Amino acid sequence: MGVNLSGRNFLKLLDFTPAEIEYLIDLSADFKQLKRAGVPHRHLEGKNIVLLFEKTSTRTRCSFEVAGYDLGMGVTYLDPASSQMGNKESIEDTARVLGRMYDGIEYRGFDQAIVEELAANAGVPVWNGLTTEFHPTQMIADMLTVREKFGHLRGLKLTFFGDARNNVANSLMVVCAKMGMRFCACGPKENMPEAELVEQCRAIAAQTGGEVVLTDSVDEGARDANVLYTDIWVSMGEPAELWAERIRLLSPYQVNAAVMEKAAADAIFMHCLPSFHDTKTTVGADIAQKFGIEEMEVTDEVFESSRSVVFDEAENRMHSIKAVMYATLK
Ligand code: CP
Ligand code: NVA
């Protein structure tokens with residue numbers, strides 16, 4: 001039976017079957033071709049969407065805006081200071097108001113429960129643009145990127161190094177399990193994903209032929225890995241006081257040339273971005289001054305190397321967000 005996601009929310013990949021995820025990856029590749037060939041695709045002309053951001057963004061915001069315009073839609077952006085949500089109006093009331101005006105709602109912010117509550121009350125599709133727990137639109141872009149490089153997903157080993165309990169690591173574990181990939185979380189025991197989510201993903205992997213492994217050994221994580229993935233050590237919404245502890249715990253899990261050397265010969269490096277690979281940012285410079293380290297989760301050498309596909313990955317955010325919006329609004 002064909003896949004039909006019309007009217008669905010896009011809140012976390014646990015809600016989608018492997019066939020539905022594959023459909024979204026295929027659709028992303030199709031939209032990428034259309035964009036590259038300059039073929040107009042204003043399939044959602046006349047619709048309007050609203051983007052609610054309670055945390056900052058470059059890629060996700062711009063992807064939703066450009067994808068929305070390319071599809072012919074009107075787009076409203078609301079930053080944390082410009083809406084009543086949370087301060088003067090409940091999530092439930094906000095959802096009921098926006099659902100009367102818009103055809104789809106994107107939310108980036110804090111608890112997964114907030115985006116779930118928006119979706120329960122909006123009456124139109126709601127898309128998760130990142131919560132504390134999950135970052136599902138990133139996953140469609142990441143899987144498209146991996147597939148572009150290897151031609152397939154099944155059986156590939158993807159290792160996430162570092163803060164393996166953050167939104168990106170959680171989401172990678174889910175998507176790898178769904179797609180029959182071998183996921184490895186490589187970090188200290190303090191930063192491992194929640195046991196309940198690990199068990200859920202292991203049960204999925206048992207059905208798909210995938211695997212979920214947790215290890216504190218860099219050798220084990222890197223061995224045979226096709227994809228080496230990392231993310232910043234302190235995520236948005238976490239207190240700056242955490243830096244000292246995270247640097248101590250996660251420095252051994254930095255992705256550097258020695259780690260890449262231990263991986264499969266054709267291994268690629270991925271990162272959702274933004275990344276602290278040098279001191280050309282306010283935070284990077286501040287950390288360098290306070291802690292004496294100029295690179296964090298990945299070295300500049302690996303980030304800038306030919307193994308690094310981070311900018312293909314960033315471009316793919318736009319194509320895949322377009323696919324998610326089209327599939328759920330058409
Ligand atoms: N990867 C990602 O979500 O980037 P932004 O925070 O810039 O949206
Ligand atoms: N884990 C990061 C991802 C940013 C795209 C954060 O939540 O800040």
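All heavy atoms count here, side chains included; hydrogens, waters and symmetry mates do not. Quick caveat, the model's predicted, so the values are computed rather than measured. All ligand and atom numbering here is 1-based and tracks the order in the structure.
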Atom 7 (O) of ligand 2: nearest protein contact (heavy atom, Å): Asn167 ND2, 2.8 Å
Using ring-ring contact (aromatic ring centres under 6.0 Å, His included), reason through Phe53 and Tyr77 one step at a time and then give a plain yes or no. CA-CA 8 Å; Phe53 278 79; Tyr77 169 73; 5.5 Å; yes
Could you tell me if any non-hydrogen atom of Leu273 lies under 4.0 Å from any atom of ligand 2? yes
With a 6.0 Å cut-off on the ring centroids, do Phe31 and Tyr326 count as close? yes
Do the ring planes of Trp243 and Phe276 sit parallel (below 30°), tilted (30 to 60°) or perpendicular (above 60°)? perpendicular
Under 3.5 Å donor-acceptor, Arg202 side chain and Val212 backbone: yes
Above 12 or not: heavy atoms from other molecules or residues under 6.0 Å from CD of Glu45? yes
Would you mind listing which atoms of ligand 2 come within a distance below 4.0 Å of any non-hydrogen atom of Ile232? 8 (O)
Would Leu250 end up clustered with Phe160 when hydrophobic side chains under 4.5 Å apart are linked, directly or stepwise? no
Checking a contact table here: which protein heavy atom is nearest atom 4 (O) of ligand 1, and how many Å away? Arg59 NE, 2.8 Å
Against ligand 1, does Leu130 come closer than 4.0 Å with any heavy atom? no
Any carboxylate oxygen within less than 4.0 angstrom of a Lys/Arg side-chain nitrogen, looking at Arg61 and Glu65? yes
Contact between Glu220 and Cys184 at the side-chain level, heavy atoms closer than 4.5 Å - yes or no? no
Could you walk me through whether Val124 and Tyr102 satisfy the side chain to side chain contact (heavy atoms under 4.5 Å, CB included) test, starting with their C-alpha distance in whole Å, then the side-chain angles of each, then the deciding distance to 0.1 Å, before giving a yes or no? CA-CA 8 Å; Val124 297; Tyr102 292 96; 5.6 Å; no
If we set the cut-off at 4.0 Å for heavy atoms, which region of Asp163 has an atom near ligand 2: side chain, backbone, both, or neither? neither
Show which atoms of ligand 2 fall inside a sub-4.0 Å distance from at least one heavy-atom site of Ser235. 1 (N), 2 (C), 6 (C), 7 (O), 8 (O)
NZ/NE/NH1/NH2 to OD/OE distance under 4.0 Å, Glu20 and Arg8: yes
Mark yes or no: Lys55 above the aromatic ring of Phe110, with NZ or CZ under 6.0 Å from the six-membered ring centre and no more than 45 degrees from the axis. yes
The option among Ser275, Ser63, Cys272, Ala314 carrying the non-hydrogen atom nearest to atom 1 (N) of ligand 1 is Cys272
Looking only at protein heavy atoms, identify the closest one to atom 6 (O) of ligand 1 and say how far it is in Å. Arg108 NH1, 2.9 Å
Any nitrogen or oxygen of Pro274, side chain or backbone, less than 3.5 Å from one on ligand 1? no
Which protein heavy atom lies closest to atom 7 (O) of ligand 1, and at what distance to 0.1 Å? Thr58 N, 2.7 Å
In ligand 2, which numbered atoms sit nearer than 4.0 Å to a non-hydrogen atom of Met236? 6 (C), 7 (O), 8 (O)
Need the ligand 2 atom indices (1-based, order shown) with element for anything under 4.0 Å from a heavy-atom of Asn166. 1 (N)
Does any N/O atom on Arg61 come nearer than 3.5 Å to any N/O atom on ligand 1? no
Geometry only, no angles: is His135 polar-contacting ligand 2 at N/O separations under 3.5 Å? no
Looking only at protein heavy atoms, what sits closest to atom 2 (C) of ligand 1 is Arg317 NH1, 3.2 Å
Against heavy atoms of Leu273, which atoms of ligand 1 measure under 4.0 Å? 1 (N), 2 (C), 4 (O)
Structural part of Leu130 in contact with ligand 2, heavy atom criterion under 4.0 angstrom: side chain
Does any N/O atom on Asp231 come nearer than 3.5 Å to any N/O atom on ligand 2? yes
Kindly work out whether a path of hydrophobic side-chain contacts (I/L/V/M/F/W/Y, heavy atoms less than 4.5 Å apart) joins Val146 to Val175. yes
